[in-house]
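Below is one structure; the comments refer to it alone.
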Amino acid sequence: MDKTYNPKNIETTWYQFWEKEGYFAPAGGGDPYCIMLPPPNVTGNLHMGHAFQQTLMDILTRYHRMNGNQTLWQCGTDHAGIATQMVVERQLELKGQSRHDLGRETFTQAVWKWKEESGSTITNQSRRLGTSMDWSRERFTMDEGLSDAVKEVFVRLYDEGLIYRGKRLVNWDPVLHTAISDLEVISEEEDGNMWHIRYPRCDGKGHVIVATTRPETMLGDAAVAVHPEDERYQDLIGHDLELPLTGRKIPVIADEYVDPEFGTGCVKITPAHDFNDYEVGERHTLPLINIFTHDARITSKTGMELEHHDNTATRYVLEDADIIGIPQAYRDKDRFEARKLIVQDLEAADLLEKIEPHKLMVPRGDRSGAVIEPYLTDQWYVKIQPLAEPAIEAVEKGDIKFVPGNWDKTYYEWMRNIEDWCISRQLWWGHQIPAWYDPDGNVYVGRNEEEIRQKYASHLTPDTSLVQDEDVLDTWFSSALWPFSTLGWPEKTPELETFYPTSVLVTGFDIIFFWVARMIMMGIKFMGDVPFREVYIHGLVRDSEGQKMSKSKGNILDPLDLIDGIDLEQLVQKRTTGMMRPKDAEKITKQTRKHFPEGIDSYGTDALRFTFASLATQGRGINFDVGRITGYRNFCNKIWNASRYVMMNLDASELDVNDEDRELGLAEHWINARFSQAVDQVNTGIATYRFDLAAQAIYEFIWDEYCDWYLELSKTTLTDDTATEIRKRGTLFTLVNILEQLLRLMHPFMPFITEEIWHRTAPRLGNDGNTIMQQPFPKTSEVTESARAVLTEMSWVKLFILGVRRIRSERDIAPGKPLAVQIMGGTEDEKSFLQANSSYISTLGKISSITSVEESPDDAIIALAGDMTILVPLTDIIDPKAESARLEKELARLNNDKGRIEAKLNNRNFIDRAPEDVVNKEKHKLEETLASIAKLEEQHQRILKLL
RNA sequence: GGGCGAUUAGCUCAGUGGGAGAGCGCUGCCUUCACACGGCAGAGGUCGCUGGUUCAAUCCCAGCAUCGCCCACCA
């Protein structure tokens with residue numbers, strides 16, 4: 001074996017082997033265990049969030065597979081409507097083309113082509129992480145099967161009246177020309193102004209002042225509202241105002257929506273361009289006056305008919321620029337340009353009271369960055385209330401459990417205030433809505449045109465032409481079906497039968513609303529059961545300073561760079577290419593050079609995975625510090641070298657470790673008992689999704705127990721010429737046996753290094769299995785009385801050794817110099833511990849002799865091991881001053897303890913009310929402390945004499 | 001405005017109603033035949049503040065301060 005662990009050589013080889021052998025597919029007859037991979041965008045790249053999440057899922061998957069479950073990790077990718085379409089549109093842009101130049105069919109073909117080319121990027125990146133997904137079952141949300149499921153759901157919901165089409169205000173992206181959901185709108189505070197505009201009264205009695213952050217929308221005003229009880233404006237209610245610049249008259253209405261305290265107490269009402277105003281308009285039957293085009297330019301359309309708006313009683317949609325009274329100068333102008341003109345004109349007409357700087361929340365599309373416009377369009381909606389109610393109930397009843405538990409509050413909060421889901425998007429890439437229109441505009445919904453012609457044969461003659469709705473469905477519509485569509489629904493497949501409901505969903509809190517809630521609703525609706533029993537919500541990966549990782553901040557870490565390493569120049573280049581704002585390049589370059597002066601080292605997959613596991617605490621933010629991964633890379637090396645030690649000793653010995661005639665010493669019994677405890681901790685950690693605690697248990701066991709103590713203890717036996725053969729065999733066996741079990745314990749966390757070492761280890765124990773993946777997870781053993789005795793004995797032995805080491809270190813005695821040690825006192829147990837383990841103690845403490853004395857010599861340094869006093873007489877080396885100071889410090893600490901315990905025990909209430917065992921514990925503690933103080937005090941007196 | 005959460009060693013974070021922990025960093029010693037990606041020993045914290053409950057509070061409760069996130073949003 002090499003002296004240093006080198007992950008590069010082994011990782012891809014093992015992965016290819018696993019995949020080729022089909023080890024990722026469900027097998028065996030155990031209880032099913034299934035995880036659905038949140039499908040990443042098909043054209044995306046694997047980022048730290050994916051890597052983190054997939055590591056956790058892989059740990060669960062490998063763990064359950066080893067525990068004998070029939071385990072499926074269902075993988076696949078998402079077509080990601082807007083994101084993917086934008087990527088391809090950007091490519092066209094470079095060629096000076098738009099999607100309209102190609103036309104819908106050619107464009108979607110181009111997207112498919114791009115999907116075929118780049119779709120494997122992210123899945124291959126996943127493979128580098130060692131993820132044991134069942135690639136043979138990989139799905140894509142626009143697969144034929146999944147598209148069938150989408151149509152099926154749409155048609156059934158429509159037939160039940162749970163999908164409808166309506167003209168409503170939506171969040172309109174004027175760059176992408178599509179509706180987007182509330183969740184895709186990001187509002188951030190920006191600097192703006194508040195314009196105070198005078199609206200003249202028609203009766204000539206002056207004017208009222210309205211304030212707005214968006215003066216251009218005044219063209220679409222349908223009224224001015226005041227609070228019904230606002231005394232200042234009672235005489236105005238019902239009267240008309242002149243709407244400046246348009247020649248229109250608008251009424252003053254009374255509505256409780258108005259806050260009389262705010263501004264002048266007069267609010268302009270623009271029903272077609274503001275969500276609140278829309279509702280006010282609905283209450284007062286105001287017309288919807290649409291002043292914008294799809295590009296958010298001022299409309300120039302004329303000759304339009306008044307359109308009846310059928311959702312409410314009698315509301316009219318006004319879209320005709322002449323009727324609205326839009327001055328010629330504004331028509332076709334961009335909204336921001338129009339704003340300037342309008343403000344100028346108002347000023348010229350002396351209708352502008354004042355302009356105040358004002359901070360406001362500006363809504364922007366999360367994909368395009370464009371300012372979102374509330375805009376009146378025809379869209380498809382899912383009536384959500386009937387679906388939300390059982391979904392809320394499922395969590396209330398405990399059919400679904402959130403981990404950590406308090407996420408259910410967030411879920412309830414959203415689900416109880418949920419509004420109908422707008423599912424149509426004006427894109428070309430996605431599932432086209434299965435609705436067709438006849439020439440009269442009547443709508444027919446069905447799985448395909450043929451079905452519709454049959455279903456509606458009474459309405460349709462064979463020669464009636466039908467045109468399919470141009471819109472596509474929101475990406476999340478198909479994602480919502482993922483837990484059952486991937487298993488074959490609407491067919492009744494064996495996989496569906498076996499794996500639905502799935503075991504757990506592992507996801508970030510950022511998509512609880514987008515995805516989790518919708519899967520729950522759809523799962524209950526169409527499968528009659530929840531899609532998963534548990535939802536484990538993990539934190540989001542941020543940089544070391546807690547900042548979100550983003551291209552524009554230039555703080556992105558690529559998980560593959562952490563695995564393979566990257567030099568500084570390449571890293572800088574990677575971070576500064578393809579940026580939205582090239583200006584930032586300089587700053588990012590500087591920052592990167594400062595943070596990573598040497599670039600990024602190669603750490604290997606296992607170190608990265610272990611880092612992720614150890615970071616998986618319950619917090620919301622996971623701050624990823626590269627220093628952390630260094631520590632776990634070192635840990636991998638530690639494991640590697642511990643194994644190397646074991647192998648070297650096996651090779652050096654002629655003993656057959658598989659011969660069952662062997663004898664175990666205290667160290668062997670001890671490490672076996674400790675191992676069982678470690679397994680227990682790992683089981684608990686995984687069962688409670690505390691991957692950090694599980695990882696910590698592994699780390700501590702290996703480093704602090706197996707390496708620091710057991711390996712050292714084993715040396716005393718193996719190098720002892722007087723040790724018996726069966727004793728040495730017992731030691732060798734325990735070394736390799738614990739190692740082999742450890743590898744299985746660690747495998748879910750670190751698949752590669754464990755597989756590699758396992759193949760060198762397991763054969764020594766007569767196990768010639770093909771892969772560690774298919775080996776059983778280690779079992780715990782019961783903590784017996786004798787195991788407890790072993791733990792007690794060993795901890796005393798350690799105490800003794802630590803005492804000697806401290807004496808050595810604090811008095812600067814050379815580490816190699818053997819010490820003559822004297823002992824005094826001690827309980828019968830301690831005396832027998834010492835006798836039985838003198839070999840361990842002498843070797844690890846580098847002790848030349850141990851003699852028992854009745855009285856302490858004056859010139860000795862002291863340490864305590866329980867009741868036993870350890871003395872090292874060192875006339876030539878001792879510095880009485882230093883030793884006195886050390887003892888004083890130690891005594892101060894003990895006296896402090898003594899004071900605290902005595903105060904407790906002197907408190908009557910404590911004696912009376914505290915549980916008996918707590919009181920006894922304190923009494924015992926006091927005895928020990930007093931005894932220690934007595935011993936140290938005595939020694940202190942002796943040392944003082946030397947001064 | 002509504003909701004959720006955080007505040008523990010220089011940094012990043014675990015943790016428990018009854019003796020404050022880890023990793024990294026730091027200090028000293030050690031190139032000892034698994035490992036310097038190492039070994040041994042050590043320094044360092046009034047557990048945000050103020051009250052309350054309790055025999056006992058870093059932990060439970062209330063208030064405050066600071067910070068963060070989500071949702072909504074007053075024109």
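Just so we're on the same page: letters track the sequence lines, and every chain starts at 1. Just so you know, these numbers use all the heavy atoms, side chains as well, and skip hydrogens, waters and symmetry mates.
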Within the structure, does a side-chain N or O atom of [X] lie under 4.0 Å from either OP1 or OP2 of [N]?
{"X": "A:R628", "N": "B:rU12", "result": "no"}
{"X": "A:K925", "N": "B:rG18", "result": "no"}
{"X": "A:K638", "N": "B:rG39", "result": "yes"}
{"X": "A:T630", "N": "B:rC37", "result": "no"}
{"X": "A:W703", "N": "B:rG39", "result": "yes"}
{"X": "A:K889", "N": "B:rA43", "result": "yes"}
{"X": "A:N649", "N": "B:rA34", "result": "no"}
{"X": "A:N634", "N": "B:rG38", "result": "yes"}
{"X": "A:N641", "N": "B:rG38", "result": "no"}

Strand partner of [N], provided both Watson-Crick or wobble distances fall under 3.5 Å:
{"N": "B:rC35", "answer": "none"}
{"N": "B:rA6", "answer": "B:rU66"}
{"N": "B:rA22", "answer": "B:rU12"}
{"N": "B:rU54", "answer": "none"}
{"N": "B:rC73", "answer": "none"}
{"N": "B:rA41", "answer": "B:rU27"}

For [N] versus [M], give the span between their [atom1] atoms, rounded off to a whole number of Å.
{"N": "B:rC33", "M": "B:rC26", "atom1": "P", "result": "25 Å"}
{"N": "B:rA20", "M": "B:rC59", "atom1": "C1'", "result": "12 Å"}
{"N": "B:rG17", "M": "B:rU58", "atom1": "P", "result": "13 Å"}
{"N": "B:rU16", "M": "B:rC24", "atom1": "C1'", "result": "24 Å"}
{"N": "B:rG48", "M": "B:rA57", "atom1": "C1'", "result": "16 Å"}
{"N": "B:rG15", "M": "B:rG51", "atom1": "P", "result": "28 Å"}
{"N": "B:rG2", "M": "B:rA72", "atom1": "C1'", "result": "7 Å"}
{"N": "B:rA14", "M": "B:rG21", "atom1": "C1'", "result": "7 Å"}

Would you sort out whether A:F910 and A:E922 count as a side-chain contact (heavy atoms from CB on, under 4.5 Å), showing the intermediate values?
CA-CA 11 Å; A:F910 175 70; A:E922 292 295 318; 3.8 Å; yes
Which is true for [X] with a 4.0 Å heavy-atom rule: it touches a base, it touches only sugar-phosphate, or it touches nothing?
{"X": "A:I269", "answer": "nothing"}
{"X": "A:R690", "answer": "sugar-phosphate"}
{"X": "A:E261", "answer": "nothing"}
{"X": "A:R900", "answer": "sugar-phosphate"}
{"X": "A:L693", "answer": "sugar-phosphate"}

Return yes if the base of [N] and the side-chain atoms of [X] contain a donor-acceptor N/O pair under 3.5 Å, otherwise no.
{"X": "A:R633", "N": "B:rC37", "value": "yes"}
{"X": "A:E712", "N": "B:rA34", "value": "yes"}
{"X": "A:K3", "N": "B:rC35", "value": "no"}

Would you say the side chain of [Y] lies within less than 4.5 Å of the side chain of [X], judging by non-hydrogen atoms?
{"X": "A:L557", "Y": "A:I600", "result": "yes"}
{"X": "A:I698", "Y": "A:I702", "result": "yes"}
{"X": "A:I629", "Y": "A:V626", "result": "yes"}

Counting neighbours of NE2 on A:H358 that are heavy atoms of other residues, nucleotides or ligands and sit closer than 6.0 Å, is the number greater than 12?
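For A:H358, atom NE2 is crowded (more than 12 foreign heavy atoms under 6.0 Å).
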Look at atom CD of A:E598 and say whether more than 12 heavy atoms of other residues, nucleotides or ligands are closer to it than 6.0 Å.
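No, CD of A:E598 has 12 or fewer neighbouring heavy atoms, counting only those of other groups under 6.0 Å.
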Output the single nucleotide from B:rA75, B:rA14, B:rG28 whose closest atom is nearest the side chain of A:T617.
B:rA14
Using whole Å, report how far CH2 of A:W195 lies from P of B:rC74.
16 Å
Between A:E256 and A:H227, does any side-chain donor sit less than 3.5 Å from a side-chain acceptor?
no
